[in-house]
Amino acid sequence: MVAERCVDIIKNSDETSHTNDKSQLNKSQLFLIEGIRSPWEVEIFKNNFPYFKVIAVHSKPETRFLRLKKRMRSDDSAESEEFRKRDQRELKFGIGEVIANVDYMVVNEGSLGKLKKIVRGIIKDEL
């Protein structure tokens, strides 16, 4: 499973020294895991890292579809029906449960700069 491999990579990183004291954490011990889709992945990270937090970034389907069309990545479908089907598949993996139980919810209907500012604020508050 990808989450288990990520845990191994983080734990074997030269940057990581584990602590149970949040005040002893530093920026070199900050890792960002992007793309979590299932509650099992969240559980793996929470079991291995006591200060693991989940931030959901949410946009309306229409907004996400327009952004997807603009970025033109090879694995993206420009067809709205395929986009809808992908969303349905991800719901079956449990992404809805992940989103329902996040530590922070960020609504991303604005600019990339605004999103970055919000997420940086969350990270700063956590450190």
Worksheet item: Do Trp40 and Glu97 pass the side chain to side chain contact (heavy atoms under 4.5 Å, CB included) test, and can you show the C-alpha distance, the side-chain angles, and the key distance before you say yes or no?
Response: CA-CA 10 Å; Trp40 303 278; Glu97 186 178 336; over 6 Å; no

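- Shown here for Lys60 and Glu109, the closest heavy-atom pair between the two residues is N-OE2, 2.5 Å.
- Here CD of Glu82 is found 11.0 Å from CG of Leu68. Values are rounded to the nearest 0.5 Å.
- In this structure the side chain of Ile9 never reaches within 4.5 angstrom of the side chain of Phe31, judged on heavy atoms.
- Following chains of ILVMFWY side-chain contacts shorter than 4.5 Å, one can reach Val102 starting from Phe49, so the two form part of one hydrophobic cluster.
- Atom OG of Ser38 sits about 11.0 Å away from atom CD of Glu90, to the nearest 0.5 Å.
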Discussion item. Test salt bridge (Lys or Arg N to Asp or Glu O under 4.0 Å) on Lys46 and Glu43; report intermediate values, then the result.
Written reply: CA-CA 5 Å; Lys46 285 191 181 265; Glu43 185 177 336; over 6 Å; no

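- The local environment of CZ in Phe52 is crowded, with over 12 non-hydrogen atoms from other residues, nucleotides or ligands closer than 6.0 Å.
- Taking CG of Asp103 as the start and CD1 of Ile122 as the end, the distance is 10.0 Å to the nearest 0.5 Å.
- Taking CZ of Phe83 as the start and CD of Gln88 as the end, the distance is 11.0 Å to the nearest 0.5 Å.
- The distance from the CG atom of Asn108 to the OG1 atom of Thr63 is 8.5 Å, given to the nearest 0.5 Å.
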Discussion item. Applying side chain to side chain contact (heavy atoms under 4.5 Å, CB included) to Met105 and Ile99, what does each step give before you reach the verdict?
Written reply: CA-CA 8 Å; Met105 172 64 77; Ile99 292 170; 3.3 Å; yes

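- Side-chain heavy atoms closer than 4.5 Å link hydrophobic residues (I, L, V, M, F, W, Y) into clusters, and following such links, even through other members, never connects Ile55 to Leu32.
- Scanning both residues, Pro39 and Gly94, for their nearest heavy atoms gives CD-O, 3.5 Å.
- Shown here for Ser59 and Arg67, the closest heavy-atom pair between the two residues is OG-NH1, 3.0 Å.
- Under the 4.5 Å side-chain heavy-atom criterion for grouping Ile, Leu, Val, Met, Phe, Trp and Tyr, Val42 is connected to Met1 within one hydrophobic cluster.
- In this structure, Arg37 and Glu41 approach most closely via the heavy-atom pair N-OE1, 2.7 Å.
- With values rounded to the nearest 0.5 angstrom, Arg84 atom CZ is found 10.5 Å from Arg89 atom CZ.
- Under a hydrophobic-cluster definition in which Ile, Leu, Val, Met, Phe, Trp and Tyr are linked whenever side-chain heavy atoms come within less than 4.5 Å, directly or via other members, Leu91 and Ile36 are assigned to the same cluster.
- Phe93 and Val57 fall into different hydrophobic clusters, where Ile, Leu, Val, Met, Phe, Trp and Tyr are joined by side-chain heavy atoms under 4.5 Å apart, directly or via other members.
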